[in-house]
Amino acid sequence: LAVAIFYHDKNILDVATYYFSVAAARGHPVGLFMYAMSMRHGWGCHKNEEQAVRLLQKAAETAVKDMNIDRAHLDTGTLKQVATTELTLAIFELAMSFNQGWGVPKCKTTAAYYLTIAAQLGDADAQQELGEFYLRGDGVKRDKKMAAKWFREAEKQGARMVSMQWIWKPKYD
């Protein structure tokens, strides 16, 4: 995986993608995730959005399995870190796949489902995107209070949003 990241940083994408595929074949969640992103965007390989979605699903499943196996050996803080570094990335990208129709039929409801999971795990990008879904009524019932809740969570983590002072009004508590 380190070799793949080295070549990816050097923009030698075909070599990076090969090593991501090796890590993915070994079941490494980050390798699965990075190989999926390579497949989705055609970084150093032929673009294959359907295969990318399958790899993202496998990355999420593998990360959950790893968390369940290691649960007895890890404290709560470490579990949260594992979830945010492996699981939420895959779940957020699954949401984006359903939101954009990358490799799967476009479905805002399914996108909102995956965004909710990633947002609850603490992913600021997912929180911000879920806030937008609630604000527009994409895949969920339009709800400014829920939008404000998720925008606030994202801001607490450092996300900066323009013209969002309204989320702090008491009526959205």
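What you see is a predicted model; the values in this text were computed from it and never measured.
Side chain of Arg142 to main chain of Leu135: a donor-acceptor pair is present (N/O by atom type, distance under 3.5 Å, no hydrogens or angles). Side chain of Thr116 to backbone of Leu130: no donor-acceptor contact under 3.5 angstrom is found. A distance-only check finds no donor-acceptor pair linking the side chain of Gln127 to the backbone of Trp150 [under 3.5 Å].
Under the side chain to side chain contact (heavy atoms under 4.5 Å, CB included) criterion, Tyr19 pairs with Val3, Ala4, Tyr7, Val15, not counting sequence neighbours. Residues meeting the salt bridge (Lys or Arg N to Asp or Glu O under 4.0 Å) test with Arg136, sequence neighbours left out: Glu132, Asp138.
Ile91 and Tyr134 fall into different hydrophobic clusters, where Ile, Leu, Val, Met, Phe, Trp and Tyr side chains are chained together by heavy-atom contacts under 4.5 Å. Under a hydrophobic clustering in which Ile, Leu, Val, Met, Phe, Trp and Tyr are joined whenever their side-chain heavy atoms come within less than 4.5 Å, directly or via other members, Trp102 and Met37 fall into different clusters. By the rule that hydrophobic residues join a cluster once side-chain heavy atoms approach within less than 4.5 Å of another member, Phe33 and Trp43 end up as members of one cluster. Taken together through direct or relayed side-chain contacts under 4.5 Å among Ile, Leu, Val, Met, Phe, Trp and Tyr, Val22 and Leu32 form parts of separate hydrophobic clusters. Put simply, Leu55 and Leu94 are part of the same group of oily side chains (I, L, V, M, F, W, Y) that touch within less than 4.5 Å, one to the next.
Within the 4.5 Å cutoff, no side-chain heavy atoms of Asp123 are placed close to those of Leu121. Residues Glu129 and Met96 meet the side-chain proximity criterion, which asks for heavy atoms closer than 4.5 Å. The shortest distance between side-chain heavy atoms of Glu49 and Ser97 does not fall below 4.5 Å. Contact of the Met146 side chain with the Val140 side chain is not registered, since no non-hydrogen atoms from C-beta on lie closer than 4.5 Å. At a threshold of 4.5 Å between non-hydrogen side-chain atoms, the residues Glu93 and Val53 do not count as touching. By the 4.5 Å heavy-atom criterion applied to side chains, Arg152 and Asp173 are counted as neighbours. Using a 4.5 Å cut-off on side-chain heavy atoms (C-beta onward), His8 and Phe20 make contact. The shortest distance between side-chain heavy atoms of Ile12 and Lys10 falls below 4.5 Å.
Remark: His46 NE2 to Ser38 OG distance equals 13.5 Å, nearest 0.5 Å. Residue Met34 holds its CE atom at 6.5 Å from CD1 of Ile5, rounded to the nearest 0.5 Å. For the atom pair NZ of Lys47 and CZ of Arg40, the computed distance is 9.5 Å after rounding to the nearest 0.5 Å. To the nearest 0.5 Å, the span separating OG1 on Thr88 from CD1 on Ile117 amounts to 11.5 Å.
Within the structure, the salt bridge (charged side-chain N to carboxylate O under 4.0 Å, His left out) test picks out the following pairs touching residues 155-169 (sequence neighbours left out): Glu153-Lys156.
Between the side chains of Gln51 and Arg54, a donor-acceptor pair is found at a separation under 3.5 Å. Looking only at atom types and distance, the side chain of Asn99 has no donor-acceptor partner in the side chain of Lys106 under 3.5 Å away.
The shortest non-hydrogen separation linking Ala154 to Ala124 is CB-O, 3.7 Å. For the pair Ala112 and Gly139, the tightest heavy-atom approach, listed with the atom from each and the gap, is CB-O, 4.1 Å. Closest non-hydrogen pair, Gly131 versus Ala147, comes out as O-CB, 3.3 Å. Of all heavy-atom pairs between Ala52 and Ala36, the closest is CB-O, 3.3 Å. Between Ala126 and Ala118 the shortest heavy-atom distance is CB-CB, 3.5 Å.
Around atom OH of Tyr18, no more than 12 heavy atoms belonging to other residues, nucleotides or ligands sit under 6.0 Å away.
Between Phe98 and Tyr114, the ring planes lie parallel to each other; the angle is under 30°, not in the 30° to 60° tilted range.
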